[in-house]
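Below: the structure, in structure tokens.
Note that the coordinates shown come from a computational prediction; the quantities given were computed from them, not determined experimentally. Order of listing sets the numbers, starting from 1, for every ligand and every atom in it.
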Amino acid sequence: MTRVITYGTFDLFHEGHYRLLQRAKALGDYLIVGVTTEAYDKARGKLNVVDSLSTRMENVKKSGFADEIIIEEAAGQKFNDIKKYHIDIFTVGSDWVGSFDYLSDYCKVVYLERTKNISSTMLREKNSRIQRIGIIGTGRIAGRFIPEAKLVSGISTQGVYNPHAESAARFAEKWEINGYTDLEEFYEAIDAVYIASPHETHYGYIKSALEHGKHVLCEKPMVLKRAEAKEAFAYAREHGLVLFEGIKTAFCPGFSKLLGIACSGTIGSIRNVEACFTKLERPESRELTDRVYGGSFIELGSYVMLPILKLLGKEYEDIRFDTIKGENGLDIFTKVSMKYPAGIATATCGLGVKSEGRLLIAGTKGYIVAEAPWWKTAYFEVHYENPGEVEKHSEIFLGDGLRYEISDFLSTINGINSSEFKLTRGESVALAGMMEEFMRGREEDNCGWVSR
Ligand code: C2G
């Protein structure tokens with residue numbers, strides 16, 4: 001008798017799960033299915049699990065393929081289960097290829113091809129809480145999305161679009177999703193898009209996706225003109241669609257906690273915010289050679305402006321950009337100085353100059369400091385007049401951190417809880433406006449310009 005084991009969360013039980021269990025059962029005579037507990041899913045960084053453990057076990061049972069259902073409670077359990085249950089074959093979907101090779105010393109390890117398409121008919125019939133998402137663009141950032149989206153329950157990454165057939169095919173093969181070069185066909189297969197194409201193409205794709213009734217999560221900077229941002233948000237709102245600008249810091253739990261403490265009055269009234277993010281890029285990189293859409297501010301400005309807009313608001317009185325340019329005229333280092341009625345702020349970003357990446361929030365009673373990489377906020381301190389009085393705060397930040405914005409995007413679509421306050425439309429519009437002002441000043445070679 002061949003004994004097979006497989007594991008999973010099996011949340012919002014769908015076609016992919018069904019087909020996996022069917023083929024797992026066919027590998028042998030007796031199938032054991034391990035269903036993860038809420039605590040284990042939390043520990044491994046899986047977000048948005050909707051169904052309770054008992055519902056998920058019930059759904060596995062209903063599939064009719066499991067001879068025995070067990071609970072998976074912790075990392076390392078698989079190794080013990082294989083011995084305990086005299087397992088011959090361990091199997092799991094091919095999105096895990098390589099991850100469980102270490103078990104092959106104890107049993108056969110089989111990766112079954114994952115189901116690429118969760119069909120719309122099945123979703124309509126069974127539940128509509130799974131959002132089928134498609135990616136526009138095949139670059140580095142697009143590649144980061146998939147492993148993170150896998151950890152958000154209720155998202156099924158179905159396909160990728162790139163007008164260049166070869167790039168679409170290469171990306172689709174690597175991530176085992178469908179590749180599209182026809183935009184209409186692509187929209188047909190999905191409910192929402194993640195836009196990770198070059199900056200200058202964002203606006204066009206946002207418009208076309210919204211016009212096709214798709215929710216949109218767009219990489220930062222979402223658009224580079226205030227009017228475009230306003231128009232896109234107005235359209236989305238009018239048509240009941242969710243449009244999110246993907247500045248991941250805004251959605252990470254540590255940053256929310258930091259803002260909560262900063263705004264609680266603990267450090268008094270906030271008078272100064274200083275944010276710095278520098279990242280040295282190779283001189284031949286796109287960021288340092290794209291004469292129109294490259295440069296330090298367009299690349300990193302969204303991160304450094306975020307805490308300033310969040311804490312001091314959008315109503316600044318003055319803004320001044322000072323830049324150091326490279327030989328090709330692109331800004332390699334930018335300092336933004338802002339004046340508010342009762343505060344000041346500086347945002348610094350660099351691609352060709354390195355500095356200490358830090359977020360410093362000064363108030364009338366104390367200050368908050370978060371060291372680099374504060375944009376993936378996992379730790380910060382609150383200091384007061386007495387240097388001995390320091391409050392230390394840690395918060396979870398897993399993987400690449402994209403999962404938090406994906407999770408918030410999903411729950412906003414599903415109307416479970418709106419996370420739009422984490423990065424408001426007004427803030428995104430203000431950011432687009434700053435990008436626009438900056439680009440205009442840079443074009444006019446007007447270093448140190450004051451635009452208000
Ligand atoms: N699956 C699939 N096709 C999909 C989606 C999922 O074949 N479109 C497979 C997964 O590869 C996995 C099983 O269905 O083998 C359960 O998927 P999940 O519920 O997402 O669980 P997962 O996070 O993959 O847990 O210990 C847990 C296991 O390591 C896997």
Side-chain angles (χ1 to χ4, degrees), residues 4-27 31-53 55-63 65-66 69-82 85 87 89-103 109-120 122-123 126-127 129-134 146-160 172 175-178 189-191 398-399 403 406-407 410:
V4 183
I5 197 161
T6 190
Y7 297 86
T9 307
F10 302 104
D11 189 33
L12 305 172
F13 197 88
H14 58 64
E15 206 175 341
H17 300 140
Y18 183 89
R19 293 196 60 237
L20 187 285
L21 294 179
Q22 186 178 39
R23 287 169 297 155
K25 169 74 178 173
L27 287 174
L31 176 65
I32 302 178
V33 181
V35 181
T36 54
T37 59
E38 276 119 29
Y40 177 45
D41 273 331
K42 197 164 175 217
R44 69 189 184 117
K46 195 149 188 170
L47 303 175
N48 272 25
V49 176
V50 174
D51 294 333
S52 65
L53 175 59
T55 302
R56 291 181 284 118
M57 289 173 83
E58 190 55 35
N59 286 336
V60 168
K61 189 174 166 199
K62 271 195 231 152
S63 77
F65 298 117
I69 298 173
I70 60 169
I71 291 172
E72 187 183 25
E73 286 178 280
Q77 184 182 321
K78 292 182 178 81
F79 169 82
N80 291 309
D81 285 347
I82 283 166
Y85 295 104
I87 296 301
I89 301 174
F90 166 87
T91 189
V92 70
S94 54
D95 41 341
W96 291 99
V97 163
S99 303
F100 298 107
D101 289 357
Y102 68 93
L103 296 173
V109 174
V110 177
Y111 297 105
L112 293 168
E113 194 183 336
R114 76 181 281 278
T115 301
K116 285 185 188 172
N117 275 324
I118 311 295
S119 67
S120 51
M122 170 138 181
L123 288 186
K126 289 217 160 168
N127 63 64
R129 282 179 300 176
I130 295 177
Q131 290 293 321
R132 299 164 308 151
I133 200 156
I146 295 182
E148 288 283 322
K150 193 171 85 169
L151 289 158
V152 181
S153 195
I155 285 263
S156 170
T157 309
Q158 307 258 117
V160 66
W175 295 107
E176 295 190 284
I177 55 178
N178 291 313
I190 56 165
D191 309 304
L398 292 168
R403 70 191 67 176
I406 302 170
S407 158
L410 179 67

Nearest 0.5 Å please: distance from the CG atom of Asn48 over to the OG atom of Ser153.
7.0 Å
Measuring only between side-chain heavy atoms, which start at C-beta, is Tyr7 closer than 4.5 Å to Lys78?
yes
Is there a donor in the side chain of Arg19 and an acceptor in the side chain of Ser63, or the other way round, less than 3.5 Å apart?
no
Check ligand 1 for close polar pairs with the protein: N or O on both sides, less than 3.5 Å.
residue: ligand 1; atom: 3 (N); partner: Thr115; partner atom: N; Å: 3.1
residue: ligand 1; atom: 8 (N); partner: Thr115; partner atom: O; Å: 2.8
residue: ligand 1; atom: 11 (O); partner: Gly93; partner atom: N; Å: 3.2
residue: ligand 1; atom: 11 (O); partner: Asp95; partner atom: OD1; Å: 2.6
residue: ligand 1; atom: 15 (O); partner: Gly93; partner atom: N; Å: 2.9
residue: ligand 1; atom: 19 (O); partner: Thr9; partner atom: N; Å: 3.1
residue: ligand 1; atom: 19 (O); partner: Phe10; partner atom: N; Å: 2.7
residue: ligand 1; atom: 19 (O); partner: His17; partner atom: NE2; Å: 3.3
residue: ligand 1; atom: 20 (O); partner: Lys46; partner atom: NZ; Å: 3.1
residue: ligand 1; atom: 21 (O); partner: Thr9; partner atom: N; Å: 3.1
residue: ligand 1; atom: 23 (O); partner: Arg44; partner atom: NH1; Å: 3.4
residue: ligand 1; atom: 23 (O); partner: Arg44; partner atom: NH2; Å: 2.9
residue: ligand 1; atom: 23 (O); partner: Lys46; partner atom: NZ; Å: 2.6
residue: ligand 1; atom: 24 (O); partner: Trp96; partner atom: NE1; Å: 2.8
residue: ligand 1; atom: 26 (O); partner: Glu72; partner atom: OE1; Å: 2.5
residue: ligand 1; atom: 26 (O); partner: Glu72; partner atom: OE2; Å: 3.2
residue: ligand 1; atom: 26 (O); partner: Lys78; partner atom: NZ; Å: 2.7
residue: ligand 1; atom: 29 (O); partner: Lys78; partner atom: NZ; Å: 3.4

Measure from NZ or CZ of Lys150 to the centre of the six-membered ring of Trp96, then state whether that distance is under 6.0 Å and the direction lies within 45° of the axis.
yes
Apply ring-ring contact (aromatic ring centres under 6.0 Å, His included) to the pair Tyr111 and Phe100, showing each step before the final yes or no.
CA-CA 9 Å; Tyr111 297 105; Phe100 298 107; 7.1 Å; no
Could you check whether Tyr102 and Phe79 have their ring centres less than 6.0 Å apart?
no
